[in-house]
Protein chains: 2
Amino acid sequence: MPTYKYPRPALTVDCVIFGFDRQSTLKVMLIQRKLTPFQGSWALPGGFVRIDESIEAAALRELQEETGLEKLFLEQLYTFGAVDRDPRERIVTVAYYALINLEEYVVKAASDASDAAWFAIDALPPLAFDHDQILLIALNRLKNKVQYEPIGFELLPRKFTLFQLQKLYETILGHELDKRNFRKKILKMGLLRELNEVQQDVPHRAAKLYEFDEVAYEQLREKGFNFEI
Amino acid sequence: MPTYKYPRPALTVDCVIFGFDRQSTLKVMLIQRKLTPFQGSWALPGGFVRIDESIEAAALRELQEETGLEKLFLEQLYTFGAVDRDPRERIVTVAYYALINLEEYVVKAASDASDAAWFAIDALPPLAFDHDQILLIALNRLKNKVQYEPIGFELLPRKFTLFQLQKLYETILGHELDKRNFRKKILKMGLLRELNEVQQDVPHRAAKLYEFDEVAYEQLREKGFNFEI
DNA sequence: TCAAAAGTGTTCCTGGTACACCCATGC
DNA sequence: GCATGGGTGTACCAGGAACACTTTTGA
């Protein structure tokens, strides 16, 4: 017994998938459209929300179809509902953004050929629909959130160096950071577990590797600790 | 030519409308439901998104129907899409939150009788659907946002005293603030215009009135200023 | 004269910021 | 030996936090 008999907008999800590569560039995954409208253009991966799945489940499903990754950071971004955002008909889309570790992704991606590709954030092609707007908002969210929640680690391999972490912040925030101050601050928080390992195969002195300590973070957070870069 | 022939969720908007009264309590407007399900329960005001209006327009329309106010602060909160959040059928709702100045509202509200009522947020009735969850998230958003954007003023009359402003922050943040430090900080920002007026009809020494200076805020913001309490 | 809020400065301490050099490694 | 990052400590300064008393007004 449908309670509302008027025409309904269609409902989709779109995902802004961020990755951070070895060259310290922030990238986004895009899909080349095979159909009209915007045939041949690049667009955010996405699709319709099925009647029997939650919107978050729909986003996860899309994400898995595209990346093959099971566990990843996923957060709802914003819902876009301008009347004419899709030229075909009324479509409302709930945008999500995801953070993935490119090193793990690359392995899986090699297996199945796909129409997906990674683009550096500062060298994007024109995007279909209002996807440039969505991407901009996602980027802003990332910039803000990375400063007060420890989500940056989601973009790095499990074991990383302090230099990699610093470059990550510099890239996302768009400005340089002082090495000594950065290390002092991040180590003082007590969220990093220093490993008895160093980098391998680097053309310079090998750096110590660290892991993000989620348990320690949870414990500190319960005591009122706030992450802040 | 609909591009997607499968069943679609219905799409609604729900609004969390906050007000701040003369007794320094934070309140929310709720509507008593006339129909099943949850007949007689209190719920957030909301309604279906029409096929030819944007979601924000739908939220504004609902808001105006309920409050009669034209200009108010309105921001998208989050989209709720659990499969069973409505017992009748699949309904996805885009939640917004609004901040209104209760003094202005009360005048209008007196004119048309309504099933709406204001509840202090620490004395809420049980709510229909997942509206308690929505309200909780709205409250968190308000708590956070009020600290780094000057939106608190939306809840006050145009002319207010520093004491009122301080009480507003104390109420929303849930802890007391030091009077001298608060005044020092807020005045130093240069966002308040001191008026040549004082309170009227108060049973104690009358305080100076201030106005929020939006122009000054915009100018400062362009120079990189960040509001912060 | 009492109650309620208005109004006002100083001290201390923490935490941010600026800053430069030697070390280890691979090529 | 050169390039690349690894790794480390100090001094200064600004801004947050703690804190108490006198004044004004109306009831």
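Atoms considered below: every heavy atom in the structure, side chains included; atoms not considered: hydrogens, waters and symmetry mates. Here is the naming used below: chain letters follow the sequence lines, and residue numbers restart at 1 for every chain.
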Exercise for review: Kindly state whether the ring of B:Phe227 and the ring of B:Phe225 have centres lying under 6.0 angstrom apart.
Suggested key: no
Practice item. Verify the neighbour count for atom CD of A:Gln64: are there more than 12 heavy atoms of other residues, nucleotides or ligands below 6.0 Å? Key: yes
Point to revise | Positive for salt bridge (Lys or Arg N to Asp or Glu O under 4.0 Å) with B:Lys159, one of B:Glu211, B:Glu194, B:Glu197, B:Glu103 | key: B:Glu197
Point to revise | Earlier contact from the 5' end, DNA chain D, for A:Leu162 and A:Pro203 | key: A:Pro203
Report the distance from atom [atom1] of [X] to atom [atom2] of [N], rounded to the nearest whole Å.
X        : N      : atom1 : atom2 : value
B:Leu209 : C:dA5  : CG    : C1'   : 14 Å
A:Gln164 : D:dT4  : CD    : C1'   : 15 Å
B:Leu187 : C:dG7  : CG    : C1'   : 11 Å
B:Phe182 : C:dG9  : CZ    : P     : 18 Å
B:Lys188 : D:dA17 : NZ    : P     : 13 Å
A:Glu197 : D:dG6  : CD    : C1'   : 17 Å
B:Lys208 : D:dT25 : NZ    : C1'   : 16 Å
B:Phe160 : C:dA5  : CZ    : P     : 18 Å

Review point. Where do B:Gly152 and B:Leu168 come nearest, in terms of heavy atoms and distance?
Key: O-CD2, 3.3 Å
Practice item. Assign the ring pair A:Tyr169 / A:Phe182 to parallel, tilted or perpendicular, where the plane angle (0 to 90°) is split at 30° and 60°. Key: tilted
Practice item. Using a cut-off of strictly less than 4.0 Å between a heavy atom of the residue and any atom of DNA chain C, enumerate the qualifying residues of residues 166-180 of chain B by number. Key: B:Lys179, B:Arg180
Side chain of [X] (C-beta onward), nearest among [options]:
X        : options               : value
A:His204 : D:dG6, D:dG15, C:dG7  : D:dG6
B:Arg183 : D:dT8, C:dT8, C:dA5   : C:dT8
A:Asn181 : D:dG6, C:dT17, D:dA18 : C:dT17

Exercise for review: Please say which of B:Phe212, B:Phe20, B:Phe153, B:Tyr210 ends up in a ring-ring contact (aromatic ring centres under 6.0 Å, His included) with B:Phe160.
Suggested key: B:Phe153
Revision key, fill the gap. Result for 5'-nearest mapping on DNA chain C, choosing between A:Glu228 and A:Val202, is A:Glu228
Exercise for review: May I ask you to verify whether the side chain of A:Lys184 and the base of D:dT8 hold a donor-acceptor pair under 3.5 Å?
Suggested key: no
Review point. Under 4.0 Å: is that the gap between some side-chain N or O of A:Arg205 and OP1 or OP2 of C:dG26?
Key: no
**Study point:** Under 3.5 Å side-chain donor-acceptor pair for B:Lys143 and B:Asn140
**Key:** no
